[in-house]
Amino acid sequence: MRLLLVADLHYSLPQLDWVVNTADNFDVVVMAGDHLDVSSIVDGRAQSVVVRKYFSKLDSRTQLLICSGNHDLDAKNESGERIAKWLRGVEGARVVSDGQSFAFEDTLFTACPWWDGPIVRAAIGDQLAEASARRTGRWIWIHHAPPAKSPTSWGGDRYFGDVELREWIERYRPDMVLSGHVHQSPFTKDGSWVDRIGSTWVFNAGQQFGAPPTHVIIDTDEKVALWFSATGNQFVRLDEPLERPVPPLEAPPGWLKVADRPPLPGQI
Ligand SMILES: [Fe+2]
């Protein structure tokens with residue numbers, strides 16, 4: 001299975017176009033929250049209409065999995081907690097979104113909503129408990145915020161991660177957690193796009209302006225995860241312990257199609 005992870009596109013149309021144009025190179029595309037941008041001059045409802053059209057385009061090309069981020073909240077539940085109502089029932093039968101789990105080959109994916117209070121937080125706990133009973137092979141979570149006390153949630157002077165998520169990871173030990181939220185983590189001293197909590201791999205691609213977005217490519221057959229950014233590219237082998245500093249990716253591996261390959265530094 002070859003998977004593309006992006007997050008925090010924040011209504012960047014060039015980045016959304018890039019994801020659509022590269023999507024059919026991947027079995028699964030994960031967009032881990034903050035599809036919209038609350039500070040945009042474009043009205044939030046208009047943004048959501050446009051982004052849903054991108055979801056429909058992606059749905060025709062690949063298996064799309066999404067979750068909500070803190071910029072995506074457009075409604076409140078009965079308890080007054082903010083939720084991303086527009087992401088529920090996204091057009092396109094194959095799109096997996098907040099609150100859903102989905103089996104793809106030997107992998108179970110679980111898409112968690114952004115939680116804004118105890119009701120949704122408890123619902124995620126229930127969701128993970130139910131999904132854990134279904135788990136037979138690989139289990140991958142999609143959760144906008146990365147876990148607490150991880151380089152993937154390091155903002156340069158403190159951690160911005162989710163304490164509950166870290167406890168859930170330690171309890172259920174999923175194989176991977178795909179996140180975003182803390183844009184600068186991969187680019188700060190002591191921060192990173194990758195971490196390991198016990199046996200769980202954690203990824204946060206980070207955020208940069210313009211296309212392509214920072215992104216992580218995970219190939220479970222090749223057993224590697226590759227991180228691409230304007231500041232350089234790195235990789236980890238999924239069948240080996242995480243080493244720091246994370247080694248640079250000197251050249252894209254041969255199995256990546258030319259279309260997948262962003263220019264390496266110096267090739268732009
Ligand atoms: Fe964000």
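We count ligands from 1, going down the list as the structure has it; atoms in each ligand are counted the same way. The structure presented is a predicted model; accordingly, all values stated were derived computationally and were not measured.
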Q | Contact flag His183/the Fe ion (ligand 1), N/O/S atoms, threshold under 2.8 Å | A | yes
Q. Is the Fe ion (ligand 1) under 2.8 Å from any N, O or S atom of His10?
A. yes
**Q.** Salt-bridge criterion met for Asp162 and Arg121 (N-O under 4.0 Å)
**A.** no
Q) Are side-chain N/O atoms of Ser68 and Asp98 paired as donor and acceptor at under 3.5 Å? A) yes
Q) Tell me, which N, O or S atom in Asp8 is closest to the Fe ion (ligand 1)? A) OD1
**Q.** Of all N/O/S atoms in Asp34, the name of the one nearest the Fe ion (ligand 1)
**A.** OD2
(Q) Using only atom types and a distance under 3.5 Å, with no angle test, would you say the side chain of Arg237 pairs donor to acceptor with the backbone of Glu222? (A) yes
Q. Using the benzene-type ring in the case of Trp, are the ring centres of Tyr54 and Trp18 under 6.0 Å apart?
A. no
